[in-house]
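Contents: one structure, followed by commentary.
What's counted below: heavy atoms across the whole structure, side chains too, no hydrogens, waters or symmetry copies. All figures in this text were calculated on a predicted structure; none of them were measured in a lab.
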Amino acid sequence: MAEQDVTVGQLLLAEYQTIKDEQKARIGFRDNLLYVTLAVVAAVIAAAAQAKQASMLLALPPVCVVLGWTYLVNDQKISAIGAYVRDQLGPRLAELAEPGGGFEAFGWETAHRGDARRKSRKAVQMGVDLMAFCVVPIAALAVFWLAGGSRSLVAVSVVEALTVGGLGWQVVGYAKRA
């Protein structure tokens, strides 16, 4: 074998580095979506209050649904990368390092999941996600409904409420799978 040949182990390590870089980028993007959501919510509420137009609150549900769905998809991809490293890449590399077993590659990928507080942390995170992406837009819709908006906008708001409800169902479903 020539010095320039690439080994399977080198390829697996290169793949690991590439997908961990993707995971790191997705984590940063996902986490920033919460801050963007908070900024948008504050801006829309301030504008609606200043203009004294409850109908402006109808901007929140579609924005929160788009940001929430993007957050959820990125969170799922982050988890999928972790699962791939744990279940596929790690065992393949461990087998190359020590044929016959005994060696565990990328132990952190598994170790941090055994934390005693993981379930409560996941439940709190689901609550935060529901609050940011579902409760806030539903509250905005409730304010709009209580203000007595026009009938055509009420129809739009009902569709928005159903869409937010669908996102909430997805948030809970993804949290249960995790």
Side-chain angles (χ1 to χ4, degrees), residues 18-88 109-110 112-178:
T18 300
I19 62 175
K20 289 304 281 186
D21 288 346
E22 178 184 345
Q23 188 182 48
K24 183 170 53 172
R26 284 183 179 275
I27 288 169
F29 181 73
R30 177 202 60 192
D31 292 351
N32 282 330
L33 285 170
L34 279 172
Y35 302 125
V36 169
T37 302
L38 289 173
V40 169
V41 165
V44 169
I45 290 172
Q50 187 174 18
K52 296 182 179 161
Q53 290 290 322
S55 62
M56 291 176 73
L57 295 174
L58 293 180
L60 283 179
V63 168
C64 288
V65 166
V66 168
L67 292 171
W69 181 251
T70 305
Y71 178 94
L72 196 60
V73 167
N74 272 280
D75 191 61
Q76 188 278 327
K77 294 297 182 205
I78 291 162
S79 296
I81 288 170
Y84 177 74
V85 169
R86 278 189 314 279
D87 301 338
Q88 303 291 319
E109 298 289 340
T110 303
H112 78 278
R113 298 175 61 80
D115 176 1
R117 293 185 177 167
R118 185 170 191 275
K119 283 186 180 183
S120 65
R121 210 173 43 250
K122 289 291 187 180
V124 168
Q125 186 62 55
M126 181 184 69
V128 168
D129 296 347
L130 287 169
M131 178 72 71
F133 301 118
C134 300
V135 172
V136 168
I138 291 296
L141 289 170
V143 169
F144 169 75
W145 292 328
L146 290 172
S150 71
R151 287 184 184 220
S152 61
L153 291 180
V154 168
V156 168
S157 71
V158 168
V159 171
E160 289 182 344
L162 292 172
T163 305
V164 171
L167 176 63
W169 180 73
Q170 291 292 322
V171 168
V172 171
Y174 275 97
K176 283 183 178 180
R177 283 182 231 135

Pair up each side-chain donor or acceptor in residues 165-178 with any protein partner under 3.5 Å, not counting sequence neighbours, and list the distances.
none

Taking atom [atom1] of [X] and atom [atom2] of [Y], what is their separation to the nearest 0.5 Å?
| X | Y | atom1 | atom2 | value |
| --- | --- | --- | --- | --- |
| I81 | K77 | CD1 | NZ | 9.0 Å |
| D129 | L34 | CG | CG | 6.5 Å |
| L72 | L33 | CG | CG | 11.0 Å |
| D87 | E109 | CG | CD | 10.0 Å |
| S79 | Q23 | OG | CD | 8.0 Å |

Checklist entry - Taking only residues at least two apart or on different chains, which pairs with a member in residues 114-124 satisfy side chain to side chain donor-acceptor pair (under 3.5 Å)? => result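 Checked against side chain to side chain donor-acceptor pair (under 3.5 Å) - neighbours excluded - the pairs reaching residues 114-124 are D115-R121.
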Item to check | Residue pairs involving residues 44-80 (criterion ring-ring contact (aromatic ring centres under 6.0 Å, His included); sequence neighbours excluded) | outcome: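 Every pair satisfying ring-ring contact (aromatic ring centres under 6.0 Å, His included) with a residue in residues 44-80: Y71-F133.
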Item to check | Residue pair V66 / T70: nearest heavy atoms and the distance that separates them | outcome: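 Shortest heavy-atom contact: O-OG1, 2.8 Å.
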Next on the checklist: Per the salt bridge (charged side-chain N to carboxylate O under 4.0 Å, His left out) rule, what does the pair list look like for residues 153-167, sequence neighbours excluded?
Outcome noted: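 Checked against salt bridge (charged side-chain N to carboxylate O under 4.0 Å, His left out) - neighbours excluded - no pair reaches residues 153-167.
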Next on the checklist: Filter on salt bridge (charged side-chain N to carboxylate O under 4.0 Å, His left out), then keep only pairs touching residues 25-51, sequence neighbours left out; what's left?
Outcome noted: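 Every pair satisfying salt bridge (charged side-chain N to carboxylate O under 4.0 Å, His left out) with a residue in residues 25-51: E22-R26, R30-D75.
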Show me the donor-acceptor pairs, under 3.5 Å and distance only, between side chains in residues 41-65 and residues at least two apart or in other chains.
none

